[in-house]
There are 2 protein chains.
Amino acid sequence: MNSDNGRGTDAKKPRKQQKRSVVTQQKLLAAAVEAFSEGGFKGTSTRDIADRAGVHHPLITYHFKNKDMLWRAAVTAIFREFNIALVKSLAEFEHSAPRKRAEVFVRTYVKYAHQQPALHKIILQEASHPSERLDWLIDTHLRPLFTPVEASLKELQQIGVAPPGNPALLFQMIRGCAGGLLALAPEIKTTTGIDFDEPEALDELADMIINVFFSGNFRTVSATTAESGQQSTTQ
Amino acid sequence: MNSDNGRGTDAKKPRKQQKRSVVTQQKLLAAAVEAFSEGGFKGTSTRDIADRAGVHHPLITYHFKNKDMLWRAAVTAIFREFNIALVKSLAEFEHSAPRKRAEVFVRTYVKYAHQQPALHKIILQEASHPSERLDWLIDTHLRPLFTPVEASLKELQQIGVAPPGNPALLFQMIRGCAGGLLALAPEIKTTTGIDFDEPEALDELADMIINVFFSGNFRTVSATTAESGQQSTTQ
DNA sequence: TCTAAATTGGACCAAAGTGGAGAATTTATC
DNA sequence: GATAAATTCTCCACTTTGGTCCAATTTAGA
């Protein structure tokens with residue numbers, strides 16, 4: 001709320017934010033992430049969020065203006081965390097081979113998507129039909145994240161590590177296999193018995209993704225680009 | 001509402017359902033599918049559904065008892081349609097090779113998931129956290145669908161067409177790549193420019209899924225079963 | 001055609017949801 | 001410690017929601 005006043009001219013400097021305030025905000029953000037990822041935007045009431053956070057609901061208005069702004073703040077918090085984790089992981093392997101870096105990316109993604117499933121769940125809740133929130137989500141967080149990754153994928157295709165085809169599509173497939181699956185953990189646990197809370201299961205998922213998408217025995221994308229539809233089984 | 005009275009003893013047969021009634025029910029079901037897939041269960045009001053259907057909202061109570069029952073009826077309608085499409089497709093290739101059948105399955109799934117994205121969207125809305133509705137969904141529709149598919153996948157692994165690893169996990173990955181992606185069509189269109197309303201894009205997706213998951217140059221699952229974690233890249 | 005059952009429409013309710021105003025209470029700063 | 005800003009709490013006004021009730025209307029079946 002108070003961040004736009006650095007003018008040192010004559011304005012008396014505003015009193016700084018109290019400590020209890022940031023605590024309240026953190027509690028609200030955490031509760032919002034959880035609630036929104038379960039019920040979606042429309043399906044979540046501000047009172048529910050306030051209850052989960054253990055604070056009075058008018059505090060949402062005070063700290064975040066309204067439900068919409070709270071949603072955005074919550075989403076931003078998740079993505080910031082994830083970006084930090086990702087950058088950190090990739091920095092470690094800055095000079096490794098592209099394939100190795102892809103592997104690191106997948107493992108980091110899988111790991112984070114498990115510990116914070118809301119990262120994907122909130123997207124799922126919002127992305128299945130057009131809306132202003134979706135546009136904001138894409139512009140603010142999704143595209144900046146996707147663009148560089150797709151570029152890397154393109155490289156991997158050129159050296160035959162990744163399968164041919166539209167790299168953007170390929171990335172979406174990988175995303176679906178990683179985050180998409182982990183967002184459905186409760187369903188998958190019941191239907192298949194696979195429990196991603198067990199580290200082995202998580203590792204197996206990462207292994208399979210890497211094996212399937214980066215096995216490294218694909219044709220390089222040279223003249224093949226056009227006739228991407230393998231065979232004419234296109235029924 | 002009237003289905004439990006077949007006793008031919010002395011009960012006078014009940015007058016049959018009027019035609020306009022089934023029209024109303026169909027309109028409500030279609031509207032419910034659309035609305036629930038966008039807003040989730042909690043996020044959708046019965047009034048919204050009634051408005052979309054162009055009928056008065058108390059009719060929901062009359063025809064479906066309550067919101068919960070309407071949801072179940074809507075989900076059942078979707079799955080029934082899909083199962084019919086699937087059975088029909090596979091019947092055509094009853095005696096084809098396993099790989100061909102897998103391909104047909106993928107193409108049918110992709111096609112249906114595109115024309116009726118609610119098939120996957122409703123699952124996504126519901127499956128990200130435990131609930132009674134999720135349990136019902138799994139028992140009634142998901143498990144009966146998954147079980148035979150996983151068995152087929154196992155065969156494909158044994159002949160080296162599909163990659164090794166837990167077949168259930170493999171299936172979930174395929175599902176994520178097909179239905180999962182198509183459920184996010186609006187997001188993907190904005191972020192990547194890929195428009196699944198164009199048949200070529202849809203074909204490319206199906207092609208890539210088949211190429212990645214059923215390329216057919218995988219090791220057969222013989223003694224490998226136990227140490228499913230391929231290589232020791234397990235960092 | 002007549003009549004009773006099936007279906008629909010309109011009014012209504014209690015509960016829950018939203019945002020906000022203003023008093024009351026902390027707490028940073030002097 | 002005093003004071004004013006920052007934060008929290010109490011209460012309210014308004015809308016939405018799931019659902020009920022019953023009168024009005026339509027339709028199946030004689």
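The model shown is predicted, which means the values in this text are computed figures rather than measured ones. Just so we're on the same page: letters track the sequence lines, and every chain starts at 1.
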Charged N to carboxylate O under 4.0 angstrom, [X] versus [Y]?
{"X": "A:D203", "Y": "A:K111", "result": "no"}
{"X": "B:E198", "Y": "B:K189", "result": "no"}
{"X": "A:E103", "Y": "A:R107", "result": "yes"}
{"X": "B:E187", "Y": "A:R175", "result": "yes"}

Given [options], identify the nucleotide with an atom nearest to the side chain of [X].
{"X": "B:Q18", "options": "C:dA5, D:dT8, D:dG19", "answer": "C:dA5"}
{"X": "B:R20", "options": "D:dT27, D:dT17, D:dT7", "answer": "D:dT27"}
{"X": "A:N66", "options": "D:dA6, C:dT8, C:dG19", "answer": "C:dG19"}

Rounded to whole Å, please give me the gap between [atom1] in [X] and [atom2] in [N].
{"X": "B:H63", "N": "C:dG9", "atom1": "NE2", "atom2": "C1'", "value": "12 Å"}
{"X": "A:Y62", "N": "C:dA23", "atom1": "OH", "atom2": "C1'", "value": "15 Å"}
{"X": "B:D68", "N": "D:dT17", "atom1": "CG", "atom2": "C1'", "value": "15 Å"}
{"X": "B:K65", "N": "D:dG18", "atom1": "NZ", "atom2": "P", "value": "16 Å"}
{"X": "B:K19", "N": "D:dT25", "atom1": "NZ", "atom2": "C1'", "value": "17 Å"}
{"X": "B:L28", "N": "C:dT7", "atom1": "CG", "atom2": "C1'", "value": "13 Å"}
{"X": "B:K67", "N": "C:dA15", "atom1": "NZ", "atom2": "C1'", "value": "14 Å"}

Does D:dA6 have OP1 or OP2 sitting under 4.0 Å from an N or O in the side chain of A:S21? no
Distance below 4.0 Å between A:T24 side-chain N/O and D:dT8 OP1 or OP2: yes
Below 4.5 Å, heavy atoms only, C-beta onward: do A:K67 and A:F41 meet side chain to side chain? yes
Is A:I49 close to A:H57 at the side-chain level, that is, under 4.5 Å between some pair of heavy atoms? no
DNA chain C: stems of at least 3 consecutive Watson-Crick or G-U pairs whose donor-acceptor distances fall under 3.5 Å: C:1-30 with D:1-30
Classify the angle between the aromatic ring planes of B:F146 and B:F171 as parallel (below 30°), tilted (30 to 60°) or perpendicular (above 60°). perpendicular
Relative to the ring of A:Y109, is the ring of A:F82 parallel (under 30°), tilted (30 to 60°) or perpendicular (over 60°)? tilted
Decide whether A:T76 and A:H141 meet the rule of one side-chain donor and one side-chain acceptor closer than 3.5 Å. yes
Per the under-4.0 Å heavy-atom filter, residues of residues 46-60 of chain B near DNA chain C come out as B:R47, B:H56, B:P58, B:L59
